Novice: 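Questions regarding the structure given below will be posed in turn.
Here is how names work: the chains are called A, B, and so on, in the same order as the sequence lines, proteins then strands, and each is numbered from 1. None of the values given here were measured: they were computed from a predicted structure.
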Amino acid sequence: MQQQYLINIDYSINSGQVFLWEKNGDIWYGINGADVLAVKENPFQINSFSQNSIDFFREKDELREIIQSITKDKVVRNAVKQFPGLRLLRQDPFQCYISFIVSSNSNIQRIKQILQRLCKKFGKKIIFEKKEFFVFPEPKKLANASKNDLLNCGLGYRTKSVKKASLAVSSGQIDFDLLKKISYQNAKKILLDVYGIGNKVADCILLFSLEKLESFPIDRWILRVLEKNYADKFRLTGKSLTEKKYDEMHEQIIDHFGPYAGYSQQFLFKMERDLNQKSWL
DNA sequence: TACTAACCTGTACG
DNA sequence: ACGTACAGGTTAG
């Protein structure tokens, strides 16, 4: 019964958490901050340019306990069964932060395109396993970028958000190490002060890069899952998700799914998008 | 407090 | 082909 706690790289990469990944043969290559990762399965193996081990695939998570904890109903049970080995990923915080600011009102293909352009224009070029990569730019670099250069990356109206958010980091207003240490609620409050970050984006950053596993990003896909399967359980009044409603819903979600709710979100999200045959990377 | 339109831009439909 | 809607949301009013 250990089998189901192995890691499935395809599921994990293709679940909307990351954008700067490419598959080459049976090896996935991905940008993670200033680092480049190379990953393959059977057996699972990960190499990195930096040689630092950051447990990107959260191999040390107690999946057995987590899965048991989130399996509170048959919907999650099905999703977990359908995607064995799907993992949350531990991302570089700054890259994650910018990625999800860029994701607003956009789609995966375009998000990827924009982020690739940012890397190419502002990131350092490195050679890893005989291949050329452009890593993710440093906060300072994006904070100092000209409006025009950013626009040329395809950011559109998100240019202002990216610039301000980068400045917030380079100036020290946003300190990811600190955010990791404090509570979910407090860290979220701080993130929400940044222009361009709302509830959903904040929750993505907290879940995917700041160790807040109780975070449960609610986007239109998850909303669909909840409406379809949990209409009786969670209050879903009205059309739009106002800030207050988002908070209320999160509270009900934690009550139901527990402290690892973020993992349940990832399974449900993956399931719903696959069901609708939406494309990934 | 609750609700809506507007927002850059590429791409998928009709 | 060519216009229009829509995309993992946020902000301003």
Novice: Going by the rule side chain to side chain contact (heavy atoms under 4.5 Å, CB included), which residues pair with D255(A) if we only count those two or more places apart in sequence or in a different chain?
Specialist: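 For D255(A), no residue satisfies side chain to side chain contact (heavy atoms under 4.5 Å, CB included) once neighbours in sequence are set aside.
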Novice: Which residues pass the salt bridge (charged side-chain N to carboxylate O under 4.0 Å, His left out) test with K270(A), not counting sequence neighbours?
Specialist: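 K270(A) satisfies salt bridge (charged side-chain N to carboxylate O under 4.0 Å, His left out) with D274(A) only.
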Novice: Would you list the pairs meeting salt bridge (Lys or Arg N to Asp or Glu O under 4.0 Å) in which at least one residue belongs to residues 167-192 of chain A, sequence neighbours left out?
Specialist: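 Every pair satisfying salt bridge (Lys or Arg N to Asp or Glu O under 4.0 Å) with a residue in residues 167-192 of chain A: K188(A)-D203(A).
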Novice: Sort and list the pairs that fulfil salt bridge (Lys or Arg N to Asp or Glu O under 4.0 Å) and have at least one residue in residues 204-220 of chain A, not counting sequence neighbours.
Specialist: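 Every salt bridge (Lys or Arg N to Asp or Glu O under 4.0 Å) pair that includes a residue of residues 204-220 of chain A, provided the two are not neighbours, is R58(A)-E211(A), R90(A)-E211(A).
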Novice: Considering only nitrogen or oxygen atoms on both sides, find all protein atoms under 3.5 Å from nucleotides 10-13 of chain C and state each distance.
Specialist:
from: dT10(C); atom 1: OP1; to: G198(A); atom 2: N; distance (Å): 2.9
from: dT10(C); atom 1: OP1; to: G198(A); atom 2: O; distance (Å): 3.2
from: dT10(C); atom 1: OP1; to: V201(A); atom 2: N; distance (Å): 3.0
from: dT11(C); atom 1: OP1; to: G196(A); atom 2: N; distance (Å): 3.0

Novice: Just jot down the side chain to side chain donor-acceptor pair (under 3.5 Å) partners of E65(A), sequence neighbours excluded, or say none.
Specialist: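 Result, side chain to side chain donor-acceptor pair (under 3.5 Å) vs E65(A): Y260(A).
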Novice: With the criterion being N/O to N/O and under 3.5 Å, what pairs connect the protein with nucleotides 3-7 of chain C, and how long is each?
Specialist:
from: dA7(C); atom 1: OP2; to: R220(A); atom 2: NH1; distance (Å): 2.7
from: dA7(C); atom 1: O3'; to: S106(A); atom 2: O; distance (Å): 3.3
from: dA7(C); atom 1: N7; to: N105(A); atom 2: OD1; distance (Å): 3.3

Novice: Is there any ring pair (Phe, Tyr, Trp, His ring centres under 6.0 Å) pair reaching into residues 56-79 of chain A, and which pairs are they, with sequence neighbours excluded?
Specialist: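 As it turns out, the ring pair (Phe, Tyr, Trp, His ring centres under 6.0 Å) pairs with a partner in residues 56-79 of chain A, which skip direct neighbours, are W21(A)-F56(A), F44(A)-F57(A).
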Novice: Who are the salt bridge (charged side-chain N to carboxylate O under 4.0 Å, His left out) partners of D193(A), not counting sequence neighbours?
Specialist: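 D193(A) satisfies salt bridge (charged side-chain N to carboxylate O under 4.0 Å, His left out) with no residue once adjacent residues are dropped.
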Novice: Using both pair distances under 3.5 Å as the test, note the stems of at least 3 consecutive Watson-Crick or G-U pairs that include DNA chain C.
Specialist: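 Correct response: B:3-7 with C:9-13, B:9-13 with C:3-7.
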Novice: Could you list the residues that satisfy side chain to side chain donor-acceptor pair (under 3.5 Å) with K278(A), not counting sequence neighbours?
Specialist: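 Partners of K278(A) by the side chain to side chain donor-acceptor pair (under 3.5 Å) criterion come out as none, since no residue qualifies.
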Novice: Give every residue pair that meets the side chain to side chain donor-acceptor pair (under 3.5 Å) criterion with at least one member in residues 37-47 of chain A, sequence neighbours excluded.
Specialist: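 Passing the test, one end in residues 37-47 of chain A: no pairs.
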